[in-house]
Amino acid sequence: MGKPKHGRCKRGIRPVVGSIGRPGVGLGNVRRIFWKAIADGLPSEDAAIVAGVSSAVGARWFRQNGGMPNLNFAPPSGRFLSFAEREDIALLRAQQFGIREIARRIGRSPSTISRELIRNAATRSGYVEYRATTAQWHAERRAKRPKSAKLASNEALRKYVQDRLGGKITNAAGKHIGPQLSWSRRRHGRRQDRSWATSWSPQQIANRLRIDFPEDESMRISHEAVYQALYIEGRGALKREYSAFLRSGRPLRVPRARVKARGKHFVTPDVLIDQRPKEVEARSTPGHWEGDLIIGLESSAIGTLVERCTRFTMLLHLPRMAEHGTVREKNGPALAGHGAEAVKKAITDTMLALPPMMRKSLTWDQGAEMAQHVQVKDATGMHVYFCEPRSPWQRGTNENTNGLLRQYFPKGTDLARYSAPDLAAVTTALNNRPRKALGWRTPAEAFANHLSCVNVSVATTG
């Protein structure tokens, strides 16, 4: 089937407006409807249908704004003070109320009120008076767009950002080394090299500026400004190809809100993450783990288990079955080696080597490899909880560890070639790195300390 024609309904999605030329429907309102649909989780093609424009137009709007809504067309968020709130501030200020009392009455932060009175007051003959109309005029004047991007007007700052984002990596002789690929306007593939560069993150760049230029206030920029300079066309600062040097390598940003897929049939409300004890979130006691799979070439996989309190990591060896490469039996085991049965056995064998006090709970995503979570609980005594779909930040410790492991097991490589001793060697290396979150102790030291406390407690009780 070809692409749907302009205005044709798709998957039950109906436009709420007609064409742009319809009376009372301006281009600005159409764009607002489009970005509201994006914020609700619709793909750009479906959001275009809702707004009453063609899918090509919707895709172009989405691409030109780097995947994020233009602030001029984003729906009001309540983040900024409204004219009605400014009228209330002016009235309460005239009645001699203090900043904290004004903030309490209109439901804003005292710092917000203080900044408002300083920035947007009307200055007359040596004294300051606050008027709502004047304050609104000041706020609207500052919010006018487009403004000249700081990176576009400050050449020294732009060069600093470019050198640390996409600077060349050289050897001792000063020769440029590593792969150098042309920018294809698409995210890097799974099985190809990426260009080598210094690749500082925008957050690292923004914070390092304060150290390198402590006295120069002109050398300041937020990490969000760097992202916008990369992703939004027409900013006139950084070329779009510099986005290839970001950790994600994405040429477009991805809105967080997307339509969530239906959960797996084996995930019931009583095992969702919101049922997990509060002590797990607080990291107050050891024995709570997060797990996941890292996937490689031809569906090879390695299981990862990370203890939340100590960041201690254990890897699960998941070799392919001998029949891999042949036709799989219907409803038979996963020949790639990371099916539910294989993962259950690997977790059980690994966890039973630990004392019961160190295996209290396990948090996983809603992958089919954990379909036998009830059997895992029965065998190990660990309560198993599942994150919400597409919510990797709910297993942040494990996700961070998986990122560290990609240094040893890059994406797009065959992970089945590594033996159990190989995984043990990588685990030892990772667990003996000092960690800032542990006061520069290593995960191995922190985990051993908890184990000794458990042994002393058991001996005392006995």
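Here, residue 1 is the first one in the sequence, and each next residue gets the next number. All values below come from the heavy atoms of this structure, side chains included, with hydrogens, waters and symmetry mates left out.
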Inset, instruction - For M351 and L305, run side-chain contact (heavy atoms from CB on, under 4.5 Å): C-alpha distance rounded to whole Å, both residues' side-chain angles, the deciding distance at 0.1 Å, then the answer. - result: CA-CA 10 Å; M351 283 299 175; L305 294 171; 3.7 Å; yes
Donor on one side chain, acceptor on other, [X] and [Y], under 3.5 Å:
{"X": "H383", "Y": "Q275", "result": "no"}
{"X": "E369", "Y": "W364", "result": "yes"}
{"X": "N402", "Y": "T304", "result": "yes"}
{"X": "R276", "Y": "T363", "result": "yes"}
{"X": "S419", "Y": "D422", "result": "yes"}
{"X": "R311", "Y": "N400", "result": "no"}

Measure from the side-chain N and O atoms of [X] to the backbone N and O of [Y], and report whether any donor-acceptor pair falls under 3.5 Å.
{"X": "T428", "Y": "A424", "result": "yes"}
{"X": "S300", "Y": "L415", "result": "yes"}
{"X": "T350", "Y": "I347", "result": "no"}
{"X": "K360", "Y": "P286", "result": "yes"}
{"X": "T198", "Y": "W200", "result": "no"}
{"X": "H373", "Y": "F266", "result": "yes"}
{"X": "T380", "Y": "V376", "result": "yes"}
{"X": "H338", "Y": "S299", "result": "yes"}
{"X": "E290", "Y": "N398", "result": "yes"}
{"X": "D46", "Y": "L42", "result": "no"}

Could you tell me the separation between the [atom1] atom of [X] and the [atom2] atom of [Y], rounded to the nearest 0.5 Å?
{"X": "Q372", "Y": "T348", "atom1": "CD", "atom2": "OG1", "value": "9.0 Å"}
{"X": "E116", "Y": "L81", "atom1": "CD", "atom2": "CG", "value": "5.0 Å"}
{"X": "W35", "Y": "S44", "atom1": "CH2", "atom2": "OG", "value": "8.5 Å"}
{"X": "L165", "Y": "F245", "atom1": "CG", "atom2": "CZ", "value": "7.5 Å"}
{"X": "W289", "Y": "R359", "atom1": "CH2", "atom2": "CZ", "value": "11.0 Å"}
{"X": "I205", "Y": "D212", "atom1": "CD1", "atom2": "CG", "value": "11.0 Å"}

Inset, instruction - Would you check, one step at a time, whether the test side-chain contact (heavy atoms from CB on, under 4.5 Å) holds for Y160 with L209? - result: CA-CA 9 Å; Y160 181 95; L209 279 165; 3.4 Å; yes
Inset, instruction - Give the intermediate values and the outcome of side-chain contact (heavy atoms from CB on, under 4.5 Å) for residues R119 and R142. - result: CA-CA 10 Å; R119 292 175 179 174; R142 290 194 187 93; 3.9 Å; yes
Legend entry - Near-ring test F34/F62, centroid separation under 6.0 angstrom: no
Inset, instruction - Step through it carefully: locate the ring centre of F312, locate the ring centre of H450, and say whether they are under 6.0 Å apart. - result: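 Centroid distance F312-H450: not below 6.0 Å, so no.
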Using a strict threshold of under 4.0 Å (side-chain N to carboxylate O), is an ion pair present between [Y] and [X]?
{"X": "E281", "Y": "K278", "answer": "no"}
{"X": "D414", "Y": "R320", "answer": "yes"}
{"X": "R105", "Y": "E101", "answer": "yes"}

For [X], the option from [options] that meets side-chain contact (heavy atoms from CB on, under 4.5 Å):
{"X": "I302", "options": "L405, I295, L318, L423", "answer": "L423"}
{"X": "I89", "options": "N120, T112, I102", "answer": "I102"}
{"X": "F447", "options": "T442, N431, L354", "answer": "L354"}

Legend entry - Member of R283, E307, E279 meeting the side-chain hydrogen bond (donor to acceptor under 3.5 Å, both in side chains) criterion with H288: E279
Side chains of [X] and [Y]: does their closest heavy-atom pair fall under 4.5 Å?
{"X": "P355", "Y": "L451", "value": "yes"}
{"X": "R435", "Y": "R441", "value": "no"}
{"X": "P443", "Y": "L430", "value": "no"}
{"X": "I118", "Y": "S114", "value": "yes"}
{"X": "T170", "Y": "K175", "value": "no"}
{"X": "T413", "Y": "L297", "value": "no"}
{"X": "M370", "Y": "L362", "value": "yes"}

Inset, instruction - For the pair R395 and E399, evaluate salt bridge (Lys or Arg N to Asp or Glu O under 4.0 Å) and give the outcome as yes or no after the intermediate values. - result: CA-CA 6 Å; R395 303 176 357 271; E399 287 291 315; 2.6 Å; yes
Inset, instruction - List the steps and the verdict of side-chain contact (heavy atoms from CB on, under 4.5 Å) for F80 and S82. - result: CA-CA 6 Å; F80 303 103; S82 64; over 6 Å; no
Legend entry - Geometric class of the Y418/F409 ring pair [parallel <30°, tilted 30-60°, perpendicular >60°]: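 F409 vs Y418 ring planes: perpendicular.
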Inset, instruction - Please state whether the rings of Y231 and Y227 are parallel, tilted or perpendicular, taking 30° and 60° as the class boundaries. - result: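 The arrangement is parallel - the two ring planes meet at less than 30°.
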Inset, instruction - Decide if atom CZ of R406 counts as having more than 12 heavy atoms of other residues, nucleotides or ligands within a radius under 6.0 Å. - result: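 More than 12 heavy atoms, drawn from other residues, nucleotides or ligands, come within 6.0 Å of this atom.
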Inset, instruction - Return yes when atom CZ of R220 has more than 12 non-hydrogen atoms of other residues, nucleotides or ligands closer than 6.0 Å, and no otherwise. - result: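 Buried by this count: over 12 neighbours within 6.0 Å.
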